[in-house]
Amino acid sequence: MKKVFIFLGPPGSGKGTQTARLSDKLSIPHIDTGSLLRKNIEDESELGKIAKGFIDKGQLVPLNVVSSVIKNRLLKDDCNNGFILDGFPRSIEQARELEKILDETGKFSLVKDAMAIYFDIDTEILVERLVNRRSCPKCGTIYNLISNPPKIMDYCDICDTKLQIRKDDNEETARLRFETYQKETAPLYDYFKDLGILHELDAHKPINEIWENLKNIIIK
Ligand code: AMP
């Protein structure tokens, strides 16, 4: 079985929900560059200060910043048996960087050990999904007020913490994030296909059905 899973798809396509499930099932970490960058902003680190301006504008944070965040994370021992990448790579330049980082850390090879899973979805419905997204700052559970609401409005079902709205989940920034996705990230579809590591999921389906299809792809 492959050990490195790259989740590819536009913002709001459901990658985060499925990576959390897969991380639990395979007992491997879920590495999400967006959350790592937001943590750097919260901690007011030097990297966080640089990242903030780009995130607020829905643009990609420069390669050297993302690369350093990801490299530090992949060097940790909990990545030795594999990991799931959500939100990285986000451009062809970053995919080449990932290949370099994997070679440097000596843990895995992109072509032999990785699988890219593309969340195929009609982007028209995604702005509405993003503005209705809420997440738990404590346990990370993601909700959607329309398709997957919490039992008690605004509070996490699992740990009862007050849910948050991400600052960049407003309509204006969401639209900019889609533009960035189309320009920078969408070309990765062909890039991974040419490497022979691309698999596709129909992300319009209900969460549990996507999960069953994902398990079938991974176990094959
Ligand atoms: P996400 O949580 O994946 O939606 O990411 C939120 C924001 O963080 C994005 O809009 C980017 O500004 C930034 N970001 C996350 N991952 C990356 C990445 N791999 N490269 C550059 N910027 C990123």
Side-chain angles (χ1 to χ4, degrees), residues 4-20 22-23 29-43 45-74 83-102 110 114 116-119 121 123 125-137 140-144 163-189 191-192 203:
V4 175
F5 303 95
I6 301 167
F7 279 24
L8 177 68
S13 55
K15 303 187 298 297
T17 303
Q18 301 295 336
T19 39
L22 190 62
S23 164
H30 161 202
I31 300 170
D32 151 16
T33 38
S35 298
L36 292 173
L37 292 166
R38 283 188 289 278
K39 174 84 176 66
N40 270 275
I41 296 176
E42 221 177 279
D43 295 345
S45 75
E46 283 311 308
L47 291 182
K49 281 180 199 154
I50 303 171
K52 187 173 183 317
F54 292 91
I55 293 182
D56 288 349
K57 283 190 255 161
Q59 295 171 351
L60 292 191
V61 171
L63 181 66
N64 61 334
V65 175
V66 180
S67 169
S68 142
V69 166
I70 210 92
K71 207 188 276 179
N72 287 336
R73 184 63 190 85
L74 294 189
F83 46 86
I84 306 162
L85 293 173
D86 169 9
F88 180 86
R90 244 175 161 102
S91 64
I92 299 220
E93 186 188 37
Q94 291 188 8
R96 296 203 174 107
E97 182 70 7
L98 172 64
E99 196 159 8
K100 227 167 78 192
I101 295 173
L102 291 178
L110 183 69
I117 295 150
Y118 173 64
F119 283 61
I121 194 155
T123 51
I125 62 173
L126 291 180
V127 172
E128 190 188 306
R129 270 206 194 180
L130 288 186
V131 298
N132 285 300
R133 178 160 72 178
R134 300 289 181 272
S135 61
C136 175
T141 305
I142 303 165
Y143 299 88
N144 183 287
L163 301 177
Q164 284 183 347
I165 307 178
R166 269 175 49 175
K167 199 169 163 252
D168 58 351
D169 276 348
N170 61 72
E171 189 160 343
E172 194 192 339
T173 316
R175 292 204 183 277
L176 295 171
R177 286 160 64 204
F178 287 122
E179 277 172 28
T180 305
Y181 174 83
Q182 291 300 350
K183 189 163 154 247
E184 308 277 355
T185 313
L188 282 176
Y189 177 93
Y191 186 83
F192 289 134

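Atoms within each ligand, like the ligands themselves, are counted from 1 in listed order.
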Interfacing atoms of ligand 1 (cut-off 4.0 Å, heavy-atom, G87): 16 (N), 17 (C), 18 (C), 19 (N)

Pair E179 + R175, salt bridge at N-O below 4.0 Å: no

R177/D169 ion pair, N-O < 4.0 Å: yes

Ligand 1 contact on D86 by region, counting heavy-atom pairs under 4.0 Å: neither

N or O pair under 3.5 Å between D168 and ligand 1: no

Heavy-atom nearest neighbour of atom 16 (N) of ligand 1 within options L37, T33, T185: T33

E184 atom CD, over 12 foreign heavy atoms within 6.0 Å: yes

Side-chain heavy atoms of T185 within contact of T180, under 4.5 Å: no

Check: N40 and V65 side chains under 4.5 Å, non-hydrogen atoms: no

Short N-O contact, K49 and E46, less than 4.0 angstrom: yes

Location of contacts on V66 toward ligand 1, heavy atoms closer than 4.0 Å: side chain

Numbered atoms of ligand 1 (with element) below 4.0 Å of Q59, judged on heavy atoms: 11 (C), 12 (O)

With E42 via salt bridge (Lys or Arg N to Asp or Glu O under 4.0 Å) - residues at least two apart: none

Protein heavy atom at shortest distance from atom 21 (C) of ligand 1: V61 N, 3.2 Å

Subset of ligand 1 atoms that lie under 4.0 Å from at least one heavy atom of R38: 2 (O), 6 (C)

Interfacing atoms of ligand 1 (cut-off 4.0 Å, heavy-atom, L60): 21 (C), 22 (N)

Heavy-atom nearest neighbour of atom 3 (O) of ligand 1 within options R90, K52, Q94, R166: R90

